[in-house]
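Throughout, a chain's letter reflects where its sequence line sits, starting with A, and its residues are numbered from 1. None of the values given here were measured: they were computed from a predicted structure.
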Amino acid sequence: MSDVYEKVMELAKRRGYVWPTSEIYGSVAGFIDYGPLGSMLKRRIEQIWRQFYVIMEGCYEIECPTIGQEAIFIASGHVKGFSDKMCQCPHCNEYLRADHVAEGGGVNGASTMKEDALSSAISGLPCPACGKVLGEVNVFQFNLMFRTMIGPGSQRVGYLRPETAQGMFTDFPRLLRFYRDKLPFGAVQIGKSYRNEISPRQGMIRLREFTQAEAEIFVHPAQKQHPNFSRYREYAFPLLSSVQQQKGDPPLMMTMGDAVRDGIVANEYVAYYLALTHELLVKIGVRPERLRFRQHLPDELAHYAADCWDAECFSDRFGWVETVGIADRTDYDLKAHSGESGQPLTVFIQYPEPRREEHRRVVARMGLLGPRFRDKAKAVADALEKATFSEDGANIRLDGQDLVIPPDCYEVRDEVVEVQGVEVTPHVIEPSYGIDRMIYAVLEQRYDEDEADGEVRKVMRLPAAVAPIQVAILPLMTRDGLDTIALDITKKLQEKGIMAEYDDSGAIGRRYRRQDEVGTPFAVTIDYDTKETGTVTLRDRDSMKQVRVAVSDLNSTINDLISGMRTFSSMV
RNA sequence: GCGAUAGUAGUCUAGCGGUAGGACAGGAGCUUCCCAAGCUUCUAGCCCGGGUUCGAUUCCCGGCUAUCGCACCA
C-alpha cells in the first residue's frame, strides 16, 4: 500500500466512489460501478461541462441511441478501420496481430491484405511468442465494436457506439435547421460509449464501457477565426508541440495568441478549445502543474485531421494520461456520411452580393438528335456537355468511339447567371472528453495525506464545486436540543438544493475525519453558544480553520463558498 | 489473450487438511466533547465451480478478478 493508485482505489471502494461491477458474481474487467459519491461527483463534473459548453458556448445537447445501425459505422470507418486482423498461434495459443507478424517476416503491404492472403503469407513464419512455425492459421477480424442484432432473427446488424460523436453527424441536417442555417454552430452529447478492448487494464483508465462528453463545432472551412478568441488570447499553459517532442524538448508555456500566430496551433478554433479545456479541467480539480497539452505527431495524426492535441493529466501510477482530445477533423466526417447516405450535408453560404458568372451551356436539339441517334440520343446529349468544339462540330466520345456531332444538332449559349451563394461542407472542430479519466485524474491528484495531532489525516481536496457532500452538519452533543437545531439547519440547507449531511455519531474529531476523507469541503458545528448567540462554527476542510457564522447567514455563506463567490480564507 | 504471482469480515491482515483470530472501520449503550479519546457490547469473512478426501478455506484442475511482464491500446 505505498502507491497512490492503491490508496485512492481503496478509498474509492470503501467510501462509495467507484468499485468493480457486480462483485457478487465476480466482476468483469473493463466495467466499473460508480457508487453513491462517485455518481454524484460524476454528475457535478458533467454539470460543469454543460455550464461551459451548453450554457456558455451555446452548443445544445442532444441524446442519441447507444446502438447504431451498421451504415453509420461503415461511413465513420469504424467497421473497417476499428478492427485488427488477428490470429491465434496453434502451438502456444497466443493471440497475435497477423499484420504485425507478416511485417516482421518481411511481407510487404500486410496491412491491406485480406484475411485469406494473410493466412497464407504468415503460415511459414515463426510465432513471435513461442518461435514455432505457425503453419495452418486462421486470420480473423477482431472488431473493437460490440456487435448486436436489431429486432428478432438476424436481419439487421447494430453496433454499440464506440463514440458519441457520430450522432452529431447523422443529425447534421436537422441541427443545421435548428440553428437556422448559419455557421458556426455546435452540438454536444454526453453519454456512454463502448469498446471491446482486448485487455483492459489500468483501473478506470481503459474501460469497455465509458462516458464521453463530445462537442462537434461546425465551422466555415475558410473562417477559422473564433469570434470570441480574445477571451483566451492571453491565456497561457504548457504546450508540447510535435516539434518540441521531436527535439526531445519539454513543453513550452505559451499564450494562445502566440501559439496561433507562430503556427503551433493550427487555428483559433483549436486554440480556443484548448484553452477552454484547460480552464474546465482546472475548475474540476485537475492540478495545473499536472496538466499539459500534447500535439499529435505527424504519424499519429489521422490523415484527414488538420491538427490534434491531447490534454494529458499526470498520474503517479500511469504517467501522462490522454484525457481529452481536441481535433480539427476538417470535412472528413460529413463527407463520409454524405457519401454513404447519399444525403447532402452542406450549408448554403450566401454571397454578400450575387456573383455574375459566365457559363457556357450546350443545348442539344433533341428534335434532330432523336431521329438520327435513336436510343443513343440521350447519351449523345449528355456527352455534348463535355464536348470539345471545332468548326466541324462537337467532338464527343461515346461507347469508346469518337464521334463528331454536326453543329446544327446543338446550340452553344454563353450566358451570364447570377449565383447567390455556394454549398459548403463545414469543417468540424471536435473536443472529446473522457469523463471517467477526468474523474480518475481528479481523485488521484486531489488525494492527500497530512498530519493532524500526530495522526495521518486522509483528505480528498476536491474543489467545493465538485464535492459530492457539500457541507456536514454536526451537533457537538446529541442532547440539550443541539441535535434538533442541527437537524433543522440541515433541512433548511437541503431545501436550497445543498447536499448537506447530518452526522451525530461519535466524537466530533472522528466526524471531521470522516468528512475529510470523502472530500466534504465544509462542516458546520452546533455547540452551546449556538443556543446563546445564534451562531455556529464553520470549518474548512483544507486548513481545518474555523469561523463563527450566524445561523441566519448560513445558507448564503455556504452557497457563496460552493460557487466560488467567496473564499474561506477571506472570512478568517 | 499468454505467462508469473495473488485472492480470508467494509478495509488491512494472521492462520490451518478437522469451517478461522486480530487491527481499523461500522451499529447500539455509557461517558467525553471542536479535530480518529475511553469502556461495554454487537454485526460481519475463507472469490466461484469441479475434483481428491471421512472431511477442503487449506491440496489439485478450471473459471473470474487483481498485480506484474509480453502482446494489444481505434
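Of the residues in residues 308-340 of chain A, those lying under 4.0 Å from RNA chain B by heavy-atom distance are Arg317(A). The stretch residues 538-555 of chain A touches RNA chain B through Arg539(A), Met544(A), Gln546(A), each having a heavy atom within less than 4.0 Å of the strand. Near RNA chain B, meaning a heavy atom under 4.0 Å from it, residues 197-205 of chain A has Ile198(A), Ser199(A), Arg201(A) in order of number. Taking every heavy atom of residues 13-34 of chain A and every atom of RNA chain B, pairs under 4.0 Å involve Arg14(A), Gly26(A), Ser27(A), Val28(A), Ala29(A), by number. Of the residues in residues 290-306 of chain A, none lies under 4.0 Å from RNA chain B by heavy-atom distance.
Using a 4.0 Å heavy-atom criterion, one finds that Asp527(A) contacts the bases of the nucleic acid, with or without backbone contacts as well. Nucleic acid contact for Phe73(A): none, since no nucleic acid atom lies under 4.0 Å from a heavy atom of the residue.
With sequence neighbours excluded, no residue forms a salt bridge (charged side-chain N to carboxylate O under 4.0 Å, His left out) with Arg161(A). For Arg208(A), there are no salt bridge (charged side-chain N to carboxylate O under 4.0 Å, His left out) partners at least two apart in sequence or on another chain.
For C33(B), neither phosphate oxygen OP1 nor OP2 lies less than 4.0 angstrom from any side-chain nitrogen or oxygen of Tyr528(A). In terms of phosphate contacts, Ser505(A) brings no side-chain nitrogen or oxygen within less than 4.0 Å of OP1 or OP2 of G26(B).
C54(B) is paired with G18(B) under the criterion used here, namely a Watson-Crick or G-U wobble arrangement in which both key atom distances are under 3.5 Å.
Between the CD atom of Glu6(A) and the C1' atom of G7(B) there is a distance of 14 Å, rounded to whole Å. Distance Arg514(A) CZ to C24(B) C1': 13 Å, rounded to the nearest Å. Nucleotide A66(B) holds its C1' atom 16 Å from the CZ atom of Arg206(A), rounded to whole Å.
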Quick one: side chains of residues 21-35 of chain A, donor-acceptor pairs under 3.5 Å with protein atoms, not counting sequence neighbours, listed by atom name and distance.
unit_1: Thr21(A); atom_1: OG1; unit_2: Asp33(A); atom_2: OD1; d: 2.7
unit_1: Tyr34(A); atom_1: OH; unit_2: Asp436(A); atom_2: OD1; d: 2.6

Using distance only, find each side-chain donor-acceptor pair of residues 552-560 of chain A under 3.5 Å and give its atom names and separation, not counting sequence neighbours.
unit_1: Ser556(A); atom_1: OG; unit_2: Asp553(A); atom_2: O; d: 3.2
unit_1: Thr557(A); atom_1: OG1; unit_2: Asp553(A); atom_2: O; d: 2.7

For residues 470-486 of chain A, which side-chain N or O atoms pair as donor and acceptor with protein atoms under 3.5 Å away, sequence neighbours left out?
unit_1: Gln470(A); atom_1: OE1; unit_2: Met499(A); atom_2: N; d: 2.8
unit_1: Asp480(A); atom_1: OD2; unit_2: Tyr528(A); atom_2: OH; d: 2.4

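A cation-pi contact links Arg292(A) to Trp320(A), judged by a cut-off of 6.0 Å to the six-membered ring centre and 45° from its axis.
For residues 534-544 of chain A, the set of pairs meeting the salt bridge (charged side-chain N to carboxylate O under 4.0 Å, His left out) definition, not counting sequence neighbours, comprises Arg461(A)-Asp542(A), Asp516(A)-Arg539(A).
Less than 6.0 angstrom separates the ring centroid of Phe172(A) from the ring centroid of Phe218(A). In summary, the aromatic rings of His303(A) and Tyr332(A) are positioned with their centroids under 6.0 Å apart.
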Listed pairs, N/O of protein and of nucleotides 37-46 of chain B, under 3.5 Å:
unit_1: A37(B); atom_1: OP1; unit_2: Arg510(A); atom_2: NH2; d: 2.8

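Pairing each heavy atom of Leu240(A) with each of Pro251(A), the nearest pair is CD1-N, 3.7 Å. Contact detail for Leu462(A) and Val518(A): the closest heavy-atom pair is CD1-O, 4.0 Å.
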